[in-house]
Amino acid sequence: MSTYAKGKLGNGPKMSKGLKGWLAFVLIITAVGGYFILERLILGLDTTNLSSITPWGAWIAFYIFFVGLSAGSFLLSSLIYVFGMHQYERVGKMALFTAVVCMMVALIFVLMDLGRPERAINAMVFWNVLSVLAWEIHFYVVYITLLVVELWIAMRADLVRLRPSDSLRGKIARLLTFKNSEVTEETQKRDHKWLKILGIIGIPLAILGVHGGTGALFAVVGAREMWNSGVFPIIFVVSAMVSGTALLISIYIIKSKATKTPIDTQMVTSLAKMMVAFLFIDLLLQFYEYLVGVYQLDSVGLQSLATQMGSAYSWSFWGVQMGLGALVPIIIVFNKKLGQSVNWILFASILVVIGIIGVRFNIVVPSQIVPVFPGMPAGDYYPTFSEWMVSVGIAGIGLLMFTAGDQLLPLEESPEASGEEE
Amino acid sequence: MLKQMLEGDWNSIADAMVPDAKKELDQSPYSTQLGVAMADDARRVIAGELDIKEFHKIHHKNLLGEFGDMMTQDEIERDEEPGKVKWAMVIDLQKCIGCDSCTVACKAENRTPPGISYNVVLEEEIGEFPNLAKVNLPMPCMQCDHPPCVQVCPVKATFKLENGIVAIDNDRCIGCRYCIIACPYGARSYDFGESYEDEMLSFNDATSPEYGKERGPRNENGTPFGNNNPVGTVRKCNFCLHRLERGEEPACVETCIGDARFFGDINDPNSTVSKLAASPRAFRLKSELGAGPNVIYLK
C-alpha cells in the first residue's frame with residue numbers, strides 16, 4: 001500500500017511541460033474572460049444584445065448545455081456504480097467530478113445572467129412552489145451535494161492510501177479523510193453499497209429533478225409554442241446523455257494522450273456506440289416534436305420552426321446541430337475503419353459536444369425571435385463579443401476547477417489498474 | 001316684489017298637489033304602516049343614511065308576510081362579497097385612432113427609461129387594396145386573473161394584489177426574466193439601466209414613481225449593485241396604481257383623445273366597464289390560454 005503511495009499517485013503532479021502550457025492557457029483565457037465578467041458586473045446587462053423581446057440568450061443556452069453535460073456525466077457514472085457496467089469503471093470518478101464541475105459552471109452562467117446577481121440567494125429564501133425555476137434551484141443544490149458526497153466515497157479508498165504521502169496530494173488527502181480511516185474489505189463493501197444507494201437516489205434526481213426539470217422550465221411556458229410540449233423535457237434528458245457520453249469520451253482520450261497512458265480502445269468504441277444510440281433516440285424525439293409542431297399549422301409555431309430551419313439562424317440548425325453534431329459523428333462511428341480509430345472517435349465526440357451547444361442555442365434563441373404577439377417587433381439576437389468573452393471566462397473557471405481537481409484528487413483509475421502499468 | 005319661497009312654502013304646495021299617502025294606502029288591501037315605513041327607509045337609502053342590504057334585511061320578513069312568496073323572493077346570496085374592487089379596462093377599438101398619446105402619457109407618468117413602455121399601440125394594415133383597414137391595438141398589461149408571470153417567478157417578486165393588479169416587488173426581483181418569457185402578451189420589460197439623461201435634464205433624478213415608493217436617482221452607468229432603483233429588474237404596467245390610490249384614473253385612460261378607454265371596477269355590475277364587457281362586441285386577447293386578461297376590447 002505504501003509503495004503505491006510512494007508510487008505514481010504519491011508523487012503528485014509533476015509539472016510537466018504540457019501541463020504548464022495547459023495551465024498557462026487556461027489562466028490566460030480566464031483572465032481575459034474575467035475582464036469581461038467584471039465589465040458585465042459593473043455595467044449590467046447593457047453589455048449584452050439581450051432585450052425585452054429576447055430576454056434569454058447565450059448564457060442561458062450555455063447554462064442548459066452545462067446542466068446537460070453534468071446530468072449526462074452523472075448518469076453515465078451511475079451506469080457503472082448502480083447497473084454494474086464495470087467495463088466503464090475507468091471513467092467513473094472522472095464522470096462524477098465532471099458532473100460537479102459542469103454543474104458549478106452552469107450555475108455561474110445563471111449568476112451572470114441574473115439582472116441582480118447579489119440577490120441570487122432570494123431564490124432559496126422566497127421559494128415560490130409554483131415556479132419550476134425555484135424548484136430547479138433547490139434541486140441543483142441537493143444534486144451538487146449528492147455528487148460531492150458520492151465522489152468523496154468513490155475516492156475514499158485512494159485518499160486513505162494517499163495519507164502518508166508528503167506531496168500536496170497527500171496533504172489534501174489528509175484534509176479530506178479522518179485520522180483513523182482505513183481501507184479493508186469491509187469498508188470497500190460499505191463504500192460500494194453507499195455508492196449504489198447514492199447513485200439510485202441520484203438517478204431520479206438527475207433525470208426528473210435536474211435535467212428533465214430544466215427542460216420543464218421551458219416546456220411549461222404556454223406563451224412559447226415551440227417549447228410547450230410534454231416531450232420537451234425528455235429531449236433534454238436524452239440530449240444530456242448524448243453530450244455527457246461524448247464529453248467523457250473526449251476527456252478520457254485527451255487525458256490518456258496527454259499523460260501517454262494506453263487507451264482502452266474497446267471501451268472507447270463501445271462508449272462511442274452508446275453515444276450514437278442516444279443520438280438516434282434524440283433525433284427520433286426531435287422529429288416527432290417537429291412533426292406535431294408543423295402539423296398543427298399554427299402560424300406562430302410555423303414561424304418559430306421557419307426561424308429555426310430557414311432563416312439567418314438556420315446555419316446553427318442544419319450546420320451545427322444536424323450536420324456537425326449528428327450526421328458526421330454517426331457516419332464516423334458506423335464507418336468500419338473510422339469507427340475503430342481512437343482519433344476519429346475523439347473527433348466525432350468533440351463534434352457531438354459542439355453539436356449539442358448548437359442544440360441548446362436552437363432551443364433558446366429562435367423561439368424568442370418570433371414575437372409573442374403578432375404585430376410586436378421581432379427579436380434580433382446575436383451574442384455580443386462581450387457575451388462570448390464572458391462565456392469563455394466562465395469556461396476558463398470551469399477548466400481551472402477541473403484541472404485543479406484532476407491534479408490534486410485521485411480521480412484516475414483505481415490503483416489496482418495503475419499498478420499493472422508500473 | 002315676489003315673496004321669498006322657503007321650504008315650508010314649497011312643502012305646502014306639494015302637500016296640496018300630492019295626495020295624502022296614508023289615505024291612498026288605506027284604500028289598498030295591504031298594510032299602510034308597512035308601506036309608509038318602507039317609503040321612509042327607501043328615502044334614507046337614497047340619502048345614503050341606510051345601507052341597501054340593511055333595508056332588505058329589515059323589510060324582507062314583513063314583505064313575505066304581507067305578499068307571500070309570490071311577490072317577493074329570498075335574498076340572493078352573492079359568491080363574492082360586494083365591495084371588493086377588481087380593476088379592469090375596456091378599450092374600444094372603433095374609437096382608437098392610433099395617435100399613441102396613451103403611450104406618451106404612460107411614459108411621462110411612469111418615467112420609463114428608453115426601451116421600456118408599459119403601454120404600446122400595435123398598428124397593422126389588414127386586407128388588400130382596395131379593401132383595406134387599419135387596426136390599432138393598444139396594449140397595456142392585461143392584469144390577468146391567472147397570471148403566467150406570477151406562476152413562474154421563482155422568488156414571488158411578482159404577485160396579484162387584492163384589487164386584481166399584478167404588481168412587482170422591485171426590491172426582491174432577481175432579474176432572471178423568466179416572467180418576460182412566460183408573458184403571452186409581451187407586457188413586461190427588463191430595465192437595462194438606459195437613461196434619457198442626455199436628452200432630458202435630470203431624468204435620472206426621479207426614478208419610477210410606481211407603487212408610490214421613493215427609489216432614489218437612477219445610476220448613471222446602470223450598475224445593478226447597491227441601490228434600490230429598479231435597474232436590473234423587471235418592470236410593467238400596474239394600471240397606474242399610484243394614481244388609483246389618490247382617486248385618479250390611469251394616465252392612458254385620462255389622456256385618451258378618442259375616449260376609447262374605460263376604467264373601473266368589473267366586480268360592480270353597474271359600472272361602465274362591466275356593462276361594456278357584457279357587450280357582444282367585447283373580446284379578450286388570447287383567451288384560449290386561460291390567463292383571464294382583465295383588459296377587454298370592443299371590436
Side-chain angles (χ1 to χ4, degrees), chain A residues 39-57 60 110-111 113-138 217-218 220-225 227-228 300 364 367-368 371-377 379, chain B residues 115-117 120-124 135-137 139 148-159 169-194 219 221-226 230-236 285-286 288-291:
Chain A
E39 181 201 51
R40 177 257 169 269
L41 289 176
I42 292 167
L43 295 181
L45 291 184
D46 228 4
T47 57
T48 67
N49 253 349
L50 298 171
S51 63
S52 293
I53 299 158
T54 318
W56 285 355
I60 293 292
V110 175
L111 195 68
D113 194 67
L114 289 186
R116 288 286 194 145
E118 83 275 19
R119 293 183 188 160
I121 197 68
N122 278 9
M124 298 297 289
V125 182
F126 307 107
W127 181 356
N128 177 11
V129 290
L130 292 177
S131 167
V132 180
L133 184 55
W135 278 93
E136 280 321 295
I137 290 158
H138 289 80
L217 197 137
F218 292 84
V220 294
V221 177
R224 311 274 169 174
E225 296 277 334
W227 299 338
N228 195 216
V300 177
V364 174
S367 49
Q368 296 178 72
V372 272
F373 201 86
M376 285 187 168
Chain B
I116 298 185
S117 184
V120 291
V121 182
L122 303 182
E123 291 171 27
E124 213 170 343
V135 179
N136 306 309
L137 187 70
M139 286 180 76
C149 51
V150 169
Q151 227 179 338
V152 299
C153 177
V155 297
K156 291 190 253 180
T158 183
F159 41 82
D169 181 349
N170 294 95
D171 295 324
R172 185 184 284 192
C173 175
I174 57 174
C176 71
R177 310 188 291 293
Y178 196 6
C179 53
I180 305 183
I181 292 281
C183 175
Y185 303 100
R188 290 174 163 255
S189 315
Y190 175 80
D191 192 335
F192 283 90
E194 289 164 14
N219 297 37
N221 57 8
T223 307
F225 288 113
V231 175
T233 63
V234 173
R235 303 174 62 175
K236 69 181 268 296
L285 295 177
K286 286 192 180 179
E288 75 280 2
L289 288 179

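Reminder, nothing fancy here: chain letters follow the sequence lines and each chain counts from 1.
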Measuring heavy-atom distances to chain B, does [X] have an atom under 4.5 Å in its side chain, in its backbone, in both, or in neither?
| X | value |
| --- | --- |
| A:Leu217 | both |
| A:Val221 | side chain |
| A:Gln368 | side chain |
| A:Leu50 | both |
| A:Trp227 | side chain |

Under 3.5 Å: donor-acceptor pair, side chain of [X], backbone of [Y]:
| X | Y | answer |
| --- | --- | --- |
| A:Trp56 | B:Cys176 | yes |
| A:Arg119 | B:Cys173 | yes |
| A:Arg116 | B:Thr233 | no |
| B:Tyr178 | A:Val132 | no |
| A:Asn128 | B:Val150 | yes |

Counting heavy-atom pairs under 4.5 Å with chain B, the top scorer among A:Pro371, A:Ser51, A:Pro377, A:Pro374 is A:Ser51
One option among A:Ala134, A:Ser52, A:Ala223 has the most heavy-atom pairs under 4.5 Å with chain B, and it is A:Ser52
The reported gap from NZ in B:Lys156 to CG in A:Asn122 (rounded to nearest 0.5 angstrom) is 11.5 Å
Correct closest heavy-atom pair for A:Leu45 and B:Arg177 would be CD1-NH1, 3.1 Å
Okay, B:Ile116 and chain A: the region with an atom under 4.5 Å from a heavy atom over there is neither
